Student: 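Below is the structure I would like to discuss, written out as structure tokens.
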Amino acid sequence: MSVTKKRIAVLISGGGSNLQALIDASKAPDYPAEIVLVISNQPDAYGLKRAEEAGIPTAVIFHKDFIKREAFDRALSEMIEAYHADMICLAGFMRVLSEWFVKRWDKKLLNIHPSLLPKFKGVDTHARALEAGDTEAGCTVHWVNAEVDGGEIIAQVRVPVLAGDTPEVLAKRVLEQEHQLYPQVLKEICSK
Ligand code: GRF
């Protein structure tokens with residue numbers, strides 16, 4: 001039986017290992033979502049190559065070409081609409097989205113964040129977890145609202161912090177879990 005797949009746009013700024021995890025998962029015939037567009041705000045993002053290799057349309061919308069944040073957001077939204085996307089996954093997208101954008105895509109906009117939210121919103125999450133002496137760290141998939149990393153939490157995975165961990169070592173342990181969690185959550189949401 002064929003499934004009607006939800007159309008997903010993925011927004012990236014960098015390496016795109018989470019994008020790769022979503023691409024790989026979406027290859028399964030019964031996966032309920034397909035990635036129809038990848039947009040980067042950084043022209044040299046490696047994730048763009050990953051998308052091209054997978055045959056997924058890509059676009060660069062360079063934030064510095066826009067004077068106002070909302071004009072950038074409107075350009076993003078127009079392109080996502082042009083591809084008839086049903087939902088958006090942020091995957092290492094390093095731009096804060098305006099209130100207008102998050103309202104336009106309310107409950108259709110997901111993000112993955114490398115901490116156990118509400119702890120450590122923003123950047124340098126692993127260094128901050130180590131500095132705080134936390135014994136566990138992890139990742140969170142959440143709906144995006146106007147508060148950065150503050151939207152409703154959908155799912156989390158915990159990992160232990162081990163003796164001798166550096167931010168890089170901890171990041172790798174967390175990232176492995178991100179690559180499992182994001183495709184799994186997207187699958188659950190798109191199956192509803
Ligand atoms: C991930 O840790 C993600 O949680 C965060 O940015 C990083 C992106 O990594 N939002 P990648 O580009 O998916 O490899």
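For ligands, and for the atoms within them, numbers begin at 1 and follow the listed sequence. Predicted, not measured: the structure shown is a model, and the values here were computed from it.
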Student: What's the verdict on side-chain hydrogen bond (donor to acceptor under 3.5 Å, both in side chains) for Thr140 and Gln156, showing C-alpha distance, side-chain angles and the deciding distance?
Tutor: CA-CA 4 Å; Thr140 303; Gln156 294 185 312; 2.9 Å; yes
Student: What pairs of residues pass the ring pair (Phe, Tyr, Trp, His ring centres under 6.0 Å) test when at least one of them lies in residues 42-71, not counting sequence neighbours?
Tutor: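 Counting only pairs at least two positions apart or across chains, the ring pair (Phe, Tyr, Trp, His ring centres under 6.0 Å) contacts touching residues 42-71 are Phe66-Phe72.
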Student: For residues 114-131, pull every pair meeting salt bridge (Lys or Arg N to Asp or Glu O under 4.0 Å), keeping only residues two or more places apart or in separate chains.
Tutor: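 The answer is Lys119-Asp134, Lys121-Glu147.
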Student: Quick check: are there more than 12 heavy atoms from other residues, nucleotides or ligands sitting under 6.0 Å from CD of Glu99?
Tutor: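 Result for CD/Glu99: open.
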Student: Side chains of Thr125 and His113: do they bring a donor and an acceptor to under 3.5 Å?
Tutor: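 Absent: no donor and acceptor within the cut-off.
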Student: Can you list, pair by pair, the side-chain donor-acceptor contacts under 3.5 Å of residues 181-189, counting residues two or more places apart and other chains?
Tutor:
{"unit_1": "Tyr182", "atom_1": "OH", "unit_2": "Leu90", "atom_2": "N", "d": "3.3"}
{"unit_1": "Tyr182", "atom_1": "OH", "unit_2": "Leu90", "atom_2": "O", "d": "2.8"}
{"unit_1": "Tyr182", "atom_1": "OH", "unit_2": "Leu110", "atom_2": "O", "d": "3.1"}

Student: What are the atom names and distances for all N or O pairs under 3.5 Å between ligand 1 and the protein?
Tutor:
{"unit_1": "ligand 1", "atom_1": "2 (O)", "unit_2": "Glu178", "atom_2": "OE1", "d": "3.2"}
{"unit_1": "ligand 1", "atom_1": "2 (O)", "unit_2": "Glu178", "atom_2": "OE2", "d": "3.1"}
{"unit_1": "ligand 1", "atom_1": "4 (O)", "unit_2": "Ile112", "atom_2": "O", "d": "3.3"}
{"unit_1": "ligand 1", "atom_1": "4 (O)", "unit_2": "Glu178", "atom_2": "OE1", "d": "2.6"}
{"unit_1": "ligand 1", "atom_1": "4 (O)", "unit_2": "Glu178", "atom_2": "OE2", "d": "3.4"}
{"unit_1": "ligand 1", "atom_1": "10 (N)", "unit_2": "Ile112", "atom_2": "O", "d": "3.0"}
{"unit_1": "ligand 1", "atom_1": "12 (O)", "unit_2": "Gly16", "atom_2": "N", "d": "2.8"}
{"unit_1": "ligand 1", "atom_1": "13 (O)", "unit_2": "Ser17", "atom_2": "N", "d": "3.2"}
{"unit_1": "ligand 1", "atom_1": "13 (O)", "unit_2": "Asn18", "atom_2": "N", "d": "2.8"}
{"unit_1": "ligand 1", "atom_1": "13 (O)", "unit_2": "Asn18", "atom_2": "ND2", "d": "3.0"}
{"unit_1": "ligand 1", "atom_1": "14 (O)", "unit_2": "Ser17", "atom_2": "N", "d": "2.9"}
{"unit_1": "ligand 1", "atom_1": "14 (O)", "unit_2": "Ser17", "atom_2": "OG", "d": "2.5"}

